[in-house]
Amino acid sequence: MADQAQAKAEQGAALAVSIPQTIDLRKRPRIGESIIQTVLFICGFISIFTTIGIVYVLFQESLSFFADPAVTLFEFFTGTVWQPRIGEFGILPLLNATLVISSIAMLVAVPLGLGMAIYLSEYASERARAILKPVIELLAGIPTVVYGYFALTFVTPILRGIFGNDVVSVYNMLSAGMVVGVLITPIIATLSEDALSAVPGSLRQASFGLGSTRWETAIKVVVPAALSGIFAGGIVAMSRAVGETMVVALAAGASPNLTWNPFEPAETMTGHIARISGGDLSYGSIDYRSIFAIGLVLFFITLALNIASRRIVRRFREVYD
Amino acid sequence: MSTTTMNDSKYAIETRAMNIYYGAFRAVKDVTFSIERNKITALIGPSGCGKSTVLRSFNRMNDLIPGARTEGEVLYHGQNLYDPDVDAVQVRRQIGMVFQKPNPFPKSIYDNIAYGPRINGWKGTRAEMDELVERALVGAALWDEVKDKLNQSGLSLSGGQQQRLCIARAIAVQPEVILMDEPCSALDPISTLKIEELMLELRQRYTIVIVTHNMQQAARVSDYTAFFLMDKEDRAGELVEYDVTSKVFQNPADKRTEEYVSGRFG
């Protein structure tokens, strides 16, 4: 025992002496660190580079599209006919179909998604939440081509059964819009639920303390307090609906058609791009370039929606600071 | 709540052998006491003694906590609030609550006050609502400070003003009893003084039950004091002593009360 203690003491003394002698504060090369930093920087940069590349190609091809004598910018935005074969490039029919289908989708998704969110955040027990949340996320993970088939082979026949075969076309905007609505419902549900759950519990307590029911508390206190977050979620879902392609390509039809009638077929911007891209257009033809111009319009629509949602979210953050 | 008329009992709330459980854990045991009408009753005791749980049982706020369960009776106008046919929502319209942290809604000052009457099926005109809002704010000693900015957010007020706004919001539904759960613990001394003065005024029209950690506050404002303590063996809160405030603070019957009020523990 005594020996051990002595040995320890000697060791300690040796350490105490040796430390000041070996201190070295000089910079040393850390090659691993700088490699990792470089790799991570490249990863970050690639996302920016990709975006810039896409926008560049869109702009360049669109520019050469508008440079063609067959089309003017004015015609492009005001023309009511889209028939590349006869040199008619009016985007309104495509834009209109996108608008109609997105609107139908929002009409379906907002009540449904908000209802899910209110149920999850204000009513559901822990157990119900544990089951429902993964199911909603699963809904968001279904491939969109499946939704497309679902629209064409399940929803459309039901609509035709209800309104009559002579009223509802085989390909129609209503069926596509409703199914796109189901497709974006999980986005609205999860984003709204986040916003609702972020409302402090003390507000609910205050509301219950005044004799409110659960529903009054949810609708008159919690939802208004979370409104900007819900709005932002709605806009994200809207831009998803505008960009959705597979469902509309399968169920909405393949002919540009300027109509408000949801029972009629009409091709959206995305649906048209998909169809033309899959066809046998020669590279550099005006038809080929036209899809870049459509793509650019789509890009601006979703960009505007994204900026709007960011602004709203920023305002939403200020409320609880 | 079924129809019960105002009776002549001097008590607003009476509990009989009340036990409150959180799941299998008994948080409060065998509490029997009566709270006198138009008086301020303070519930004091160290943390974990169950005083807030007791307070929240008076308007069934504990119902909102999953797994919470109350046994025994809480009598209000002779009716047990925990009878199966009693509606918790109706109970809370009679027995209002002010919370520890001021919690105004992110709405205008006006709408904060109007919220309660509106959900209670308000059918009056806009002018009548204006009057009701003014009366509630006057009653909470806040009117002079906010009368020119009723459309501003309740969150724009200072902490003390927010808490008085919450009191105004509570009295706007004209409850009989107001429960206050440490209403001054988040406030500075001057705001605290204002709330205490307000409580003494409100006593004329309401029965007030207040939970407080501040013994000076209990001594200053309350007429009766109930001292709660956690039983060391089963960790359940129990009522140790309940009496006129001056008696509890100056001449307590129980040794443990004396130790607590003299600051020897807790």
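All chains are named by letter (A, B, ...) in the order of the sequence lines, taking the proteins before the strands, and each is independently numbered beginning at 1. Keep in mind the model is a prediction, meaning the values are calculated, not measured.
- Here the CD1-CD1 distance, from B/Ile119 to A/Ile219, works out to 13.5 Å after rounding to the nearest 0.5 Å.
- Every side-chain contact (heavy atoms from CB on, under 4.5 Å) that A/Phe231 has, sequence neighbours left out, goes to A/Leu227, A/Ile312.
- Atom-to-atom distance recorded for B/Leu64:CG and A/Arg214:CZ is 6.5 Å, nearest 0.5 angstrom.
- Residues passing the side-chain contact (heavy atoms from CB on, under 4.5 Å) test with B/Asp130 are B/Tyr110, B/Arg126, sequence neighbours excluded.
- Residues B/Arg56 and A/Gln205 are in side-chain contact: their nearest non-hydrogen atoms beyond the backbone lie under 4.5 Å apart.
- For chain A, the nearby part of B/Pro104 is the backbone; its heavy atoms alone come within less than 4.5 Å.
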* Can you list the steps and then say if B/Arg92 with A/Glu216 is a salt bridge (charged side-chain N to carboxylate O under 4.0 Å, His left out)? -> CA-CA 14 Å; B/Arg92 293 180 201 130; A/Glu216 286 162 343; over 6 Å; no
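- Counting only residues at least two apart or in different chains, salt bridge (charged side-chain N to carboxylate O under 4.0 Å, His left out) contacts with residues 150-165 of chain B comprise B/Glu145-B/Arg164.
- Contacts of B/Phe99 with chain A are made by side-chain atoms alone, with heavy-atom separations under 4.5 Å and no backbone atom involved.
- Here the side chains of B/Pro106 and A/Leu203 are in contact, with some heavy-atom distance below 4.5 Å.
- Shortest non-hydrogen contact noted between B/Arg169 and A/Ala206 is NH2-CB, 3.3 Å.
- Chain A is approached within less than 4.5 Å, heavy atom to heavy atom, by no residue from residues 177-184 of chain B.
- Atom OH of A/Tyr123 sits in a crowded spot, with more than 12 heavy atoms from other residues, nucleotides or ligands closer than 6.0 Å.
- No more than 12 heavy atoms of other residues, nucleotides or ligands sit less than 6.0 Å from atom CD of B/Glu131.
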* Pair B/Arg93-A/Leu210, side-chain contact (heavy atoms from CB on, under 4.5 Å): steps then yes or no -> CA-CA 6 Å; B/Arg93 289 176 186 185; A/Leu210 290 165; over 6 Å; no
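- Proximity of a side-chain donor or acceptor of B/Asn103 to a complementary backbone N or O of A/Ser202 within less than 3.5 Å is detected.
- In A/Phe263, the CZ atom is crowded: over 12 heavy atoms of neighbouring residues, nucleotides or ligands sit closer than 6.0 Å.
- A 4.5 Å side-chain heavy-atom check between A/Ser207 and B/Tyr115 finds at least one atom pair inside the cut-off.
- Contact check for B/Lys107 versus A/Pro224: side-chain heavy atoms found under the 4.5 Å cut-off.
- Around atom CZ of B/Phe25, more than 12 heavy atoms belonging to other residues, nucleotides or ligands sit under 6.0 Å away.
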